[in-house]
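This report concerns only the one structure given below.
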Amino acid sequence: MNIDFKELANTYGTPLYVYDFDAMAKSYNALKEAFSGQKSLIAYAVKANSNLSVIEHFASMGAGADCVSIGEVKRAMSAGVEPYRIIFSGVGKRDDEIQEALNRDILMINLESDAEMKRVEMIASKMNKEARISIRVNPDVDPKTHPYISTGLHENKFGVDIDTAKRMYIYAKNSKHLDPVGIHFHIGSQLTDIEPIKEASVIVADLVRSLSAIDIDIKFFDIGGGIGIKYEDEVTIDPQDYANAIKNAIKGLDVTIVCEPGRYLTANAGYLLTKVLYEKVNGNKRFVIIDAAMNDLIRPSLYKAYHKIELLDKKEDSDTSKADLVGPICESGDFLAKDIELPATEHGDLIVVYSAGAYGFTMASNYNTRGKVAEVACEGGECRLIRDRESFEDQIRLEKAYLKNARS
Ligand code: LLP
């Protein structure tokens with residue numbers, strides 16, 4: 001939909017996250033459609049954008065949730081995701097998290113090590129339960145993405161190798177308290193090349209076939225997330241090619257495909273609105289100082305990630321020059337863009353930061369005692385607030401009672 005960013009900035013203030021719920025639905029439907037003819041579950045990777053209304057939006061279309069903490073599991077359930085559509089992943093889970101996941105009877109707990117399997121078995125046995133599990137296999141293929149978001153190589157901390165996985169499945173099959181129902185792999189995020197996914201799914205499907213030969217029947221073939229999106233000029237993966245690659249790899253297997261997209265569903269449906277505070281020049285370096293900062297959107301600082309920037313109040317024929325777009329935080333790494341061409345700006349000019357719907361708000365912090373910003377959803381021509389702007393009082397709530405001398 002056409003979103004009136006100016007009106008939203010006037011109504012709700014800046015910085016502000018704005019999400020296009022219609023665009024999210026479109027991406028969800030494209031992916032679901034691509035898997036048609038095959039049993040499939042789209043388990044939205046809640047870490048990408050965990051606002052309750054965002055999760056509720058996907059849940060209303062039938063999505064499940066991929067969660068990496070019990071907090072995310074609780075969020076998903078609070079937003080209406082059915083427990084039998086929830087997967088709990090992650091390299092390290094506390095005992096209380098495992099216990100709570102078992103209590104909530106979610107679809108499966110995804111195991112990332114032998115030690116974790118023994119822990120889950122012990123807890124399930126104490127609770128007199130059988131834990132449905134999947135095992136994350138590390139297929140050792142190079143996903144060709146940023147090293148910080150690459151996960152499918154043995155040098156990464158994720159999953160177990162094929163031989164360990166086989167031994168774990170045999171152990172689980174013989175355990176009264178473990179029910180091995182799934183297999184999982186996730187080789188990285190922001191993948192733009194389909195070949196590594198093809199390669200990994202063939203390797204993992206072969207493992208499923210060899211497990212089936214020893215009477216271990218895998219029901220859920222979980223291919224993780226990772227579909228890349230266009231931030232700048234990337235040519236990325238077509239959902240239909242993606243689905244076809246997986247369908248080909250699992251030919252002859254009676255499994256439900258589970259896929260865990262995060263970024264693909266939300267990134268390009270999200271915008272960060274920010275206003276210019278002022279400009280300055282140091283030597284011959286020009287800085288445009290804005291009211292959003294690295295605590296609101298850390299991707300440029302952390303990954304040198306590119307986000308398209310648009311100055312809405314651009315004077316048509318004005319000259320441009322190179323500038324860094326920087327926030328008010330006391331760090332040189334606090335920037336949203338570097339060396340971009342911008343016309344002269346004035347106090348109050350509105351800037352839109354694109355592709356901010358994934359790993360934007362969820363990676364925000366309170367650094368420099370900056371409150372988390374408000375979030376707005378636009379759907380069917382209407383926009384509404386989905387998270388209040390955090391106040392100073394909200395921020396100090398958990399500390400205030402411990403002051404030696406209370407102050408007003
Ligand atoms: N499943 C698993 C097991 C994952 O680890 C991830 C992401 C996903 C699914 C969802 O991946 P997606 O479809 O969003 O690519 N903060 C980084 C991205 C970290 C991704 C972590 N795992 C960024 O801002 O680029």
Side-chain angles (χ1 to χ4, degrees), residues 24 27-28 31 41-50 54-55 58 63-69 72-73 76 86-93 107-112 134-139 143-153 156-160 182-194 196-197 200 204 220-232 234 236-237 239 242 257-270 272 294 296-307 336 353-365:
M24 288 184 187
S27 303
Y28 177 87
L31 198 54
L41 170 67
I42 296 182
Y44 167 55
V46 165
K47 62 173 86 66
N49 185 326
S50 51
V54 171
I55 305 173
F58 288 119
D66 164 48
C67 303
V68 287
S69 69
E72 285 192 350
V73 172
I86 294 179
I87 300 151
F88 183 16
S89 301
V91 278
K93 305 174 186 78
L107 176 62
M108 55 194 180
I109 297 180
N110 189 25
L111 304 176
E112 298 222 18
S134 61
I135 294 173
R136 177 164 179 176
V137 179
N138 185 327
K144 304 184 184 91
T145 184
H146 190 291
Y148 280 16
I149 48 179
S150 145
T151 48
L153 283 168
N156 299 125
K157 67 178 175 179
F158 301 96
V160 297
I183 198 157
H184 176 262
F185 65 98
H186 168 86
I187 58 172
S189 198
Q190 183 53 13
L191 308 175
T192 50
D193 182 357
I194 198 161
I197 301 175
V204 179
F220 299 98
F221 190 81
D222 185 341
I223 59 178
I227 309 172
I229 60 125
K230 186 172 166 192
Y231 283 98
E232 189 172 11
E234 299 89 336
T236 182
I237 297 169
Y242 177 71
I257 297 174
V258 180
C259 117
E260 308 171 345
R263 190 188 319 262
Y264 172 79
L265 296 180
T266 60
N268 278 334
L272 175 61
M294 65 189 286
D296 304 308
L297 179 65
I298 204 173
R299 303 193 70 257
S301 310
L302 194 56
Y303 314 116
K304 297 199 176 74
Y306 169 88
H307 285 261
L336 292 193
V353 183
Y354 283 77
S355 313
Y359 309 109
F361 190 94
T362 48
M363 293 180 81
S365 76

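Remember, it's 1-based here, ligands and their atoms both numbered in the order they're listed. Sequential numbering from 1 along the given sequence is applied to the chain's residues.
- Contacts with ligand 1 closer than 4.0 Å are made by side-chain heavy atoms of R299 only, the backbone lying farther away.
- Distance CG/D222 to CD1/I135: 13.0 Å, rounded to 0.5 Å.
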Evaluation steps, side-chain contact (heavy atoms from CB on, under 4.5 Å), between F158 and R136 = CA-CA 8 Å; F158 301 96; R136 177 164 179 176; 3.5 Å; yes
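- Counting the atoms of ligand 1 from 1 in the order shown, those under 4.0 Å from a heavy atom of P261 are 13 (O).
- Of all the atoms in ligand 1, the ones that sit under 4.0 Å from a non-hydrogen atom of R263 are 12 (P), 13 (O), 14 (O), 18 (C), 23 (C), 25 (O).
- Interface of R136 with ligand 1, defined as ligand atoms under 4.0 Å from a residue heavy atom, comprises 3 (C).
- Side-chain N or O atoms of T192 include none that pairs as donor or acceptor with a backbone N or O of G228 at under 3.5 Å.
- Looking at G226 next to ligand 1, an N or O pair under 3.5 Å apart turns up.
- Looking at L302 against ligand 1, nothing comes within 4.0 Å, counting heavy atoms.
- Using a 4.0 angstrom heavy-atom cutoff, A358 does not count as in contact with ligand 1.
- Using cut-offs of 30° and 60° on the angle between ring planes, the pair Y44 and F58 is tilted.
- Proximity of Y303 to ligand 1 is established by a heavy-atom distance of less than 4.0 Å.
- A donor-acceptor distance shorter than 3.5 angstrom exists from the side chain of Q190 to the backbone of I229, with no hydrogens or angles considered.
- Each of the atoms 16 (N) of ligand 1 lies under 4.0 Å from some heavy atom of M363.
- The distance from atom CZ of R299 to atom NE2 of H307, rounded to the nearest 0.5 Å, is 4.0 Å.
- Of the candidates S189, G225, G360, S189 brings a heavy atom nearest to atom 15 (O) of ligand 1.
- Of all the atoms in ligand 1, the ones that sit under 4.0 Å from a non-hydrogen atom of E260 are 1 (N), 2 (C), 3 (C), 8 (C), 9 (C), 10 (C), 13 (O).
- For atom 5 (O) of ligand 1, the nearest non-hydrogen atom from the set H184, H186, Q190 comes from H186.
- Note that NE2 of H184 and CG of N110 are 5.0 Å apart. Values are rounded to the nearest 0.5 Å.
- Each of the following atoms of ligand 1 lies closer than 4.0 Å to a heavy atom of D66: 1 (N), 2 (C), 9 (C).
- An N or O contact shorter than 3.5 Å is missing between S89 and ligand 1 by distance.
- Remark: N268 CG to Y231 OH distance equals 7.5 Å, nearest 0.5 Å.
- Among Y359, Y231, Y264, the residue whose heavy atom sits closest to atom 14 (O) of ligand 1 is Y359.
- Geometrically, ligand 1 and G262 share a nitrogen or oxygen pair separated by less than 3.5 Å.
- Using a distance-only test at 3.5 Å, with no hydrogens or angles considered, a donor-acceptor pair links the side chain of T362 to the main chain of K47.
- For the atom pair CD of E234 and CG of L191, the computed distance is 12.5 Å after rounding to the nearest 0.5 Å.
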